[in-house]
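For reference, the structure discussed in these notes is given below.
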Amino acid sequence: MIIVSLLEYYRFKNLRRFGIKVKIKNDFIELMPEDLERFSKENQAIALKINGEIKDLFYISSLNGSEEIEIITSQSKEGLEILRHSVAHIMAHAVKDLFPEVKVTIGPAIEDGFYYDFDRDIPFTEEDLQKIEKRMHEIVKSKQPFIRKEISKDEAIKLFESLGESYKIEILKEIEDQKVSIYEEGGFIDLCRGPHIPHTGMVKAFKLLSVAGAYWRGDERNKMLQRIYGTAFSTKEELQDYLNFLEEVKKRDHRRLGKQLKLFEITEEVGPGLIIWLPNGAIVRKIIEDFWKDEHLKAGYQLLYTPHIARLDLWKKSGHLDFYRDNMYSPMEIDQISYQIKPMNCPFHIQAYKSELRSYRELPLRFAELGTVYRYERSGVLHGLLRVRGFTQDDAHIFCTEEQLEEEIQKVLDFTIFILSTFGFNDYDIYISTRPEKYVGSLENWENATFALEEALKKRNLPYQIDPGEGVFYGPKIDIKIKDVLNRSWQCSTIQVDFNIPERFDIKYRGKDGKEHRPIMIHRALMGSLERFMGVLIEHYAGAFPIWLAPIQIEVMSISEKHVNYAKKVYDHLVFNGFRAKLNIENEKIGYKIRQAILNKVPYIVIVGEKEIKNNTITVRKRDGENLESIDFEKLIEILMKDIKDKK
RNA sequence: GCCACCGUAGCUCAGCGGGUAGAGCAGCUGAUUUGUAAUCAGCGGGUCGGGGGUUCGAAUCCCUUCGGUGGCUCCA
């Protein structure tokens with residue numbers, strides 16, 4: 001990792017040369033030990049990379065000149081992680097100072113900061129966090145050095161026994177090495193692999209954010225600990241930027257915008273995790289559904305509609321009752337027969353496949369459905385539109401031969417990317433999940449299918465990562481996470497190969513050879529579920545839907561009552577041309593009406609008054625405040641039509 | 001499901017060392033006839049999430065239940 005600027009490089013080029021090779025950008029320079037020390041100090045080094053291994057900064061004194069050195073500062077990803085980890089220690093130190101009865105457990109750096117889990121019977125309050133933060137500032141100010149010691153495991157156990165830190169002992173007992181490292185800073189000792197910053201004074205910007213429950217070792221059978229989350233950055237500005245980012249996230253929260261823009265509602269009376277789509281949300285959904293259906297027909301899919309409930313036996317046969325019972329609702333009795341509300345669409349699509357004898361000539365057969373399913377989710381996991389109990393999957397099942405598998409997957413990938421990019425998602429994290437411990441189907445099947453998934457991604461030049469053992473029991477899968485404008489990842493699309501269901505339902509096709517063969521099934525959802533996708537879209541667009549999706553595309557407003565008739569005429573014309581328009585002839589000042597429309601995030605505002613009537617024009621104001629000159633009505637229609645066609 | 005916090009008018013929130021409720025916005029009515037992010041005035045609206053308890057008296061204290069929020073676990 002390169003952390004020093006070129007300017008500094010040239011400055012240091014004049015320094016005395018010695019055996020220690022220091023990597024700067026992609027070059028190496030050689031420095032005298034004392035120059036290196038000065039160099040690292042001036043660059044706010046917090047650690048060193050010695051021959052590729054990250055070490056504490058004090059190792060600088062033990063270099064013999066043959067090493068390759070990189071200087072790690074908190075500007076780099078690795079450095080920031082070290083910094084945050086050190087701040088976690090400082091937090092634990094502060095907590096122990098203030099609440100000596102607390103037992104410490106673990107405290108790593110994470111994506112956006114760090115946390116530390118504590119065992120304490122009394123919960124931490126907001127005031128406690130403030131006190132802890134205050135104490136942390138004191139520790140930072142006193143510039144306590146982080147001191148690393150290597151001791152034997154037995155010694156460490158004795159040490160932590162004397163400190164009463166039973167969780168540390170539990171961790172120690174599972175460490176295989178006989179030697180462990182501990183770090184001490186201002187009297188606070190923690191079992192830790194390191195590395196750490198040289199001293200606490202190097203912490204420039206941190207903040208404690210929240211308290212939450214967390215199970216010891218993440219196992220819900222274990223004791224619930226108290227986790228304090230915090231974050232740290234290399235400068236105050238960066239911390240402030242991050243806090244601003246959190247504010248922005250809050251502003252875009254789809255639950256808040258959903259209420260404000262009257263898109264959807266979740267009420268206690270209906271039940272948790274169940275969505276009422278209000279007119280504004282419903283129209284957006286309808287447009288997405290229409291788009292989805294049209295594109296599926298173009299892509300060679302056939303549409304299906306299937307029921308919401310089916311005989312329980314169907315779910316026994318599909319295996320869902322065995323594998324998925326915990327997420328299924330209780331069955332209901334109808335005429336002494338048990339029926340089940342559907343958690344999946346696949347068994348129905350299988351029935352459609354089985355509705356006639358199939359020939360290899362028909363394959364691949366692609367069945368698509370916006371299928372609403374109901375799944376039990378534990379109450380604590382529900383979250384707005386993103387995690388619900390009733391949702392509509394943009395589901396499809398492709399039945400194909402083994403030879404067709406790879407091509408079909410490629411087609412699905414292309415299709416997925418087309419659909420996602422239409423909504424402005426052009427950045428993806430792609431994962432292939434491979435065979436888990438518990439699986440069905442032959443090893444050969446798995447290998448072939450996994451290979452097909454990989455090949456498809458390679459041929460499309462899509463970078464991906466492997467998630468080993470994370471596949472579903474019935475087959476490997478590709479998961480695509482999209483990144484929104486704030487660069488947050490959302491799991492939506494999934495492409496899964498299924499060896500299980502075709503087998504269980506004994507579906508077949510007649511091959512060229514006249515014999516019966518079993519088709520392979522691909523199960524895929526592009527948007528995942530309409531609910532989740534809409535939630536992501538709302539946050540992605542911050543509620544300001546592009547014109548092709550906007551619930552109201554144009555709001556026509558009159559300056560005063562005198563202009564109502566003309567406004568009506570304009571409005572009627574817009575509606576006649578198929579636009580979703582709103583007429584605002586309220587007896588209010590124009591500024592007020594504009595404010596309302598902007599708060600409702602209407603993309604186009606049309607204003608008509610004396611001037612417009614006289615010239616037979618309209619004045620257009622865009623959502624972002626840009627004013628189009630008074631223009632001809634037909635000109636507006638032209639602009640709008642083009643934007644809608646381009647899905648802007 | 002677990003831990004913590006929260007639940008007052010349609011919305012956002014104030015009131016909470018106990019004495020049966022307020023504001024702004026929204027809604028309705030009227031005045032105003034308006035030129036690019038809030039014209040003025042009046043009116044209506046809540047058994048303070050539900051249930052139970054303590055008390056002469058509970059939005060306020062306690063218990064319980066439902067729901068929400070942040071996490072943990074889970075996400076076939």
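In what follows, chains carry the letters A, B, and so on, assigned in the order in which the sequence lines appear, proteins first and then strands, with residues in each chain numbered from 1.
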Looking at [X], I'd like to know whether one of its side-chain N or O atoms comes within less than 4.0 Å of OP1 or OP2 on [N].
| X | N | answer |
| --- | --- | --- |
| A/S379 | B/rG1 | yes |
| A/K589 | B/rA37 | no |
| A/R255 | B/rU69 | yes |
| A/R221 | B/rC2 | no |
| A/H383 | B/rG68 | no |

What is the distance, to the nearest angstrom, from the [atom1] atom on [X] to the [atom2] atom on [N]?
| X | N | atom1 | atom2 | result |
| --- | --- | --- | --- | --- |
| A/L257 | B/rC11 | CG | C1' | 14 Å |
| A/M557 | B/rA37 | CE | P | 11 Å |
| A/I266 | B/rG49 | CD1 | P | 20 Å |
| A/L382 | B/rG1 | CG | P | 10 Å |
| A/E269 | B/rG68 | CD | C1' | 15 Å |
| A/E588 | B/rA31 | CD | P | 14 Å |
| A/D253 | B/rC11 | CG | P | 16 Å |
| A/I598 | B/rC25 | CD1 | P | 19 Å |

Could [X] and [Y] be called an ion pair, given the rule that one side-chain N must be under 4.0 Å from one carboxylate O?
| X | Y | result |
| --- | --- | --- |
| A/D128 | A/R120 | yes |
| A/E127 | A/K131 | no |
| A/D219 | A/R217 | no |
| A/R488 | A/E539 | yes |
| A/E377 | A/R387 | yes |
| A/K622 | A/D624 | no |

Task: A/Y431 versus A/E470, side-chain donor and acceptor atoms under 3.5 Å - done: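 Result is no, nothing qualifies.
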Look at all strands and tell whether [X] reaches a base, only sugar-phosphate, or nothing, counting heavy atoms closer than 4.0 Å.
| X | value |
| --- | --- |
| A/Y229 | sugar-phosphate |
| A/G591 | sugar-phosphate |
| A/F473 | sugar-phosphate |
| A/E610 | base |
| A/G380 | base |
| A/Q260 | nothing |
| A/E612 | base |

From [options], pick the nucleotide closest to the side chain of [X]?
| X | options | value |
| --- | --- | --- |
| A/R378 | B/rG70, B/rG1, B/rG68 | B/rG1 |
| A/S560 | B/rU73, B/rU33, B/rG35 | B/rU33 |
| A/K259 | B/rC2, B/rA26, B/rC11 | B/rC11 |
| A/E268 | B/rG71, B/rG67, B/rU36 | B/rG67 |
| A/I607 | B/rG35, B/rU73, B/rU39 | B/rG35 |
| A/R387 | B/rU73, B/rC75, B/rA37 | B/rC75 |
| A/T619 | B/rC11, B/rG35, B/rU73 | B/rG35 |
| A/P272 | B/rA38, B/rC2, B/rG68 | B/rG68 |
| A/N627 | B/rG35, B/rU36, B/rG1 | B/rU36 |
| A/A212 | B/rG71, B/rU36, B/rU69 | B/rG71 |

Spacing of the [atom1] atoms in [M] and [N] (rounded, Å):
| N | M | atom1 | value |
| --- | --- | --- | --- |
| B/rG17 | B/rU12 | C1' | 28 Å |
| B/rC62 | B/rG24 | C1' | 34 Å |
| B/rG7 | B/rC13 | C1' | 13 Å |
| B/rC48 | B/rA59 | P | 6 Å |
| B/rG15 | B/rU8 | P | 13 Å |
| B/rG1 | B/rA37 | P | 49 Å |
| B/rC66 | B/rG50 | P | 15 Å |
| B/rA23 | B/rG19 | C1' | 22 Å |

Task: Of A/Y592 and A/K611, the one whose closest RNA chain B nucleotide lies more 5' - done: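 Going by which nucleotide is closer to the 5' end, it is A/Y592.
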- [ ] On RNA chain B, check which nucleotide each of A/Y376 and A/R621 is closest to and give me the residue with the more 5' one.
- [x]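 Taking each residue's closest nucleotide, the earlier one in sequence belongs to A/Y376.
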Task: Within 45° cone of A/Y374 ring axis and under 6.0 Å: A/K342 NZ or CZ - done: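 Geometry flag: not set, cation outside 6.0 Å or 45°.
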TODO: Provide the closest heavy-atom pair for A/T416 versus A/L526 in the form atom of the first, atom of the second, distance.
DONE: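 Closest approach of A/T416 to A/L526: OG1-CD2, 3.2 Å.
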Complementary nucleotide for [N] - Watson-Crick or wobble, under 3.5 Å:
| N | answer |
| --- | --- |
| B/rG46 | none |
| B/rA4 | B/rU69 |
| B/rC74 | none |

